[in-house]
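Accompanying notes for the structure given below.
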Amino acid sequence: MTLAGDAGRTKRRGGSGPAIPAPSAQNLLRWYDRERRDLPWRVAPGGRPDPYRVWLSEIMLQQTRVETVARYYERFLARFPTIETLAAARLDSVLKLWAGLGYYARARNLYACACEVVLRHDGRFPDTEEALRELPGIGPYTAAAIAAIAFGRKATPVDGNIERVIARLFAIETPLPAAKPELRRLAERLVPDERAGDFAQAMMDLGATICTPKRPDCALCPWNEVCIARARGEAEELPRRTPKSEGALRRGAAFVVVREDGAVLVRRRPREGLLGGMTEIPGTDWSADFDLRNASRAANRLIPFVSAIEWRRRPGSVRHVFTHFPLELTVFVASAPKETEAPREMRFVKRERLDGEALPTLMRKVVAHALPEDHQT
DNA sequence: CACGCGTGGCT
DNA sequence: TAGCCAAGCGT
């Protein structure tokens, strides 16, 4: 029998139903020893992992699926087998091997980190979370993962998989991200004194293969008998999330100039930031306090050859939801003579060529709203 | 510190 | 089908 005070786990839930024993790390480790996936960066059981390889795999695995990383990891390792070879390379050749993997800041940080480890740490990774955390591209999760997996330290990396497993195991109803500290505390209590690295990997494997976001395969789970969410039949509902606040509505105006030959006036957005480098219909800034009465002045400034009287406001508006704010654009349309030349930094694109442009969905909506006749079938 | 980064898997 | 979205890190 588990002792009282063990996470309150032996209390009867809601005054009814059987007590559920606390989950044990050993149980999960037994499953891991049996079902462990053979991944390129994993060493044979009992083997001593190379911190360089652990680090490389952890960086590649940030935001990236195991199957994808596997295709890149070995090729990368063949070209840069040690941290010295990596640090001696040119950034360009590192980026070349990273091409297609995405999140290229990771590759830049990877290279910077290799240089720093070689120059300032004598080519050896520091073996504490705190020191690892100082290196470029290594945040709280990765520092804990390397400390545990490469150095056998009792650290607790917490990624999205582990948050999900813990939330279900203990039926944490608090929504994310508020639940993060609580989930971390619960995860820390499960970590065994020995094999913390295997335990972390086992948790992530469990989250990736069995305790999946949708339709978890509880029948195969080594912890199914100790999982409170499973007992309550609500595993799939957890973890809950607070719907992220939409952000304040922003408004603006877009000005669609259609030349007699059907070409539409566009420009390129600044290279950085939202929709960076994409093509757009010229328009005002988007702001919470946008005032439609300023629209004609803005149009005049942007596109001087169209006089105010020629702009026709389209009824209604175009709505679009970005990750962090909803946007409502009022659309104005004007015609321009065939020989009209585009203002500075703008150009005319033939209507049928618009599909080949880097035109974001929002801007496609704007065009469709401005020229509805194009879309009738 | 809220935001954006790249890609592929999911519905 | 194409739009949605993951979920570590740096800024």
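These figures come from a predicted structure and were not determined experimentally. Only this structure's heavy atoms are used, side chains among them; waters, hydrogens and symmetry mates stay out. Just so it is clear: chains get the letters A, B, ... in the order the sequence lines come, proteins before strands, and each one is counted from 1.
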Problem set entry | Atom-to-atom span, NZ of Lys180(A) to P of dC9(C) - whole angstrom | 11 Å

Seminar exercise, completed: When Tyr104(A) and Arg65(A) are each assigned the nearest nucleotide of DNA chain B, the 5'-most assignment goes to Tyr104(A)

Exercise. Rounded to whole angstrom units, what separation is found between the CG atom of Leu95(A) and the P atom of dC5(B)?
Worked result: 17 Å

Seminar exercise, completed: Taken to the nearest whole Å, CD/Glu58(A) to C1'/dC9(C) is 14 Å

For this session: Have a look at Arg106(A) and say if it touches a base, only the backbone sugar-phosphate, or nothing, with a 4.0 Å heavy-atom cut-off.
Result: nothing

Exercise. DNA chain B: Glu67(A) or Ala105(A), which has the more 5' nearest nucleotide?
Worked result: Ala105(A)

Exercise. About how many Å separate CZ of Arg185(A) and NZ of Lys180(A), when rounded to the nearest 0.5 Å?
Worked result: 14.0 Å

For this session: Test side-chain contact (heavy atoms from CB on, under 4.5 Å) on Ser93(A) and Tyr111(A) and set out the steps.
Result: CA-CA 10 Å; Ser93(A) 54; Tyr111(A) 179 63; over 6 Å; no

Problem set entry | Among dG6(B), dG8(B), dC9(C), the one nearest Gln62(A) by side-chain distance | dC9(C)

Exercise. Hey, does the side chain of Thr64(A) come within less than 4.0 Å of dG6(B)'s phosphate (OP1/OP2), counting only N and O?
Worked result: no

Exercise. Using the ring of each side chain (for Trp, its six-membered ring), is Phe255(A) parallel, tilted or perpendicular to Phe332(A), with breaks at 30° and 60°?
Worked result: tilted

Seminar exercise, completed: Here the pair of heavy atoms bringing Ala87(A) nearest to Val118(A) is CB-CG2, 3.6 Å

For this session: Nearest-nucleotide wise, let me know which of Leu135(A) and Pro213(A) is further upstream toward the 5' end of DNA chain C.
Result: Pro213(A)

Exercise. Gln63(A) near the nucleic acid: base, sugar-phosphate alone, or nothing, with a heavy-atom cut-off under 4.0 Å?
Worked result: base

Exercise. Counting only non-hydrogen atoms, which of residues 151-165 of chain A are less than 4.0 Å from DNA chain C?
Worked result: Asp159(A), Gly160(A)

Exercise. Are any of the side-chain nitrogens in Glu173(A) or Arg232(A) under 4.0 Å away from the carboxylate oxygens of its partner?
Worked result: yes

For this session: Report yes if some heavy atom in the side chain of Trp311(A) is under 4.5 Å from a heavy atom in the side chain of Ser296(A); otherwise report no.
Result: no

Seminar exercise, completed: Between NZ of Lys365(A) and P of dA2(C) the distance, given in whole Å, is 15 Å

Exercise. Would you call Arg251(A) and Asp285(A) a salt bridge, taking side-chain N to carboxylate O under 4.0 Å as the test?
Worked result: no

Exercise. Do Arg259(A) and Pro337(A) come close enough that some side-chain heavy atom pair is under 4.5 Å?
Worked result: no

Seminar exercise, completed: Atom CG of Leu132(A) and atom C1' of dC9(C) are separated, to the nearest Å, by 15 Å

Exercise. Given the P atoms of dC5(C) and dC3(B), what is the spacing between them in whole Å?
Worked result: 16 Å

Exercise. Any side-chain N or O of Tyr103(A) less than 4.0 Å from the OP1 or OP2 oxygen of dA7(C)?
Worked result: no

Exercise. Pick one: which of Tyr72(A), Phe80(A), Tyr73(A) meets ring pair (Phe, Tyr, Trp, His ring centres under 6.0 Å) with Phe76(A)?
Worked result: Phe80(A)

Problem set entry | Atom P, compared across dG9(B) and dC9(C): separation rounded to whole Å | 23 Å

Seminar exercise, completed: From CD1 of Ile59(A) across to P of dG10(C) the rounded distance in Å is 8 Å

Problem set entry | Rounded P spacing from dA7(C) to dT11(B) in Å | 14 Å

Problem set entry | Quiz item: Tyr141(A) side-chain donor-acceptor pair to dG8(C) base, under 3.5 Å | no

For this session: For Arg71(A) and dG9(B), give me the distance from atom CZ to atom C1', rounded to whole Å.
Result: 12 Å

For this session: Could you point out which residue of Val258(A), Thr340(A), Leu302(A), Val257(A) forms a side-chain contact (heavy atoms from CB on, under 4.5 Å) with Leu265(A)?
Result: Val257(A)

Problem set entry | Spacing between Arg184(A) atom CZ and dG8(C) atom C1', to the nearest angstrom | 13 Å

Seminar exercise, completed: Its dot-bracket string being built from Watson-Crick and G-U pairs below 3.5 Å, with | for another strand and [ ] for crossing, DNA chain B has the pattern .||||.|||||

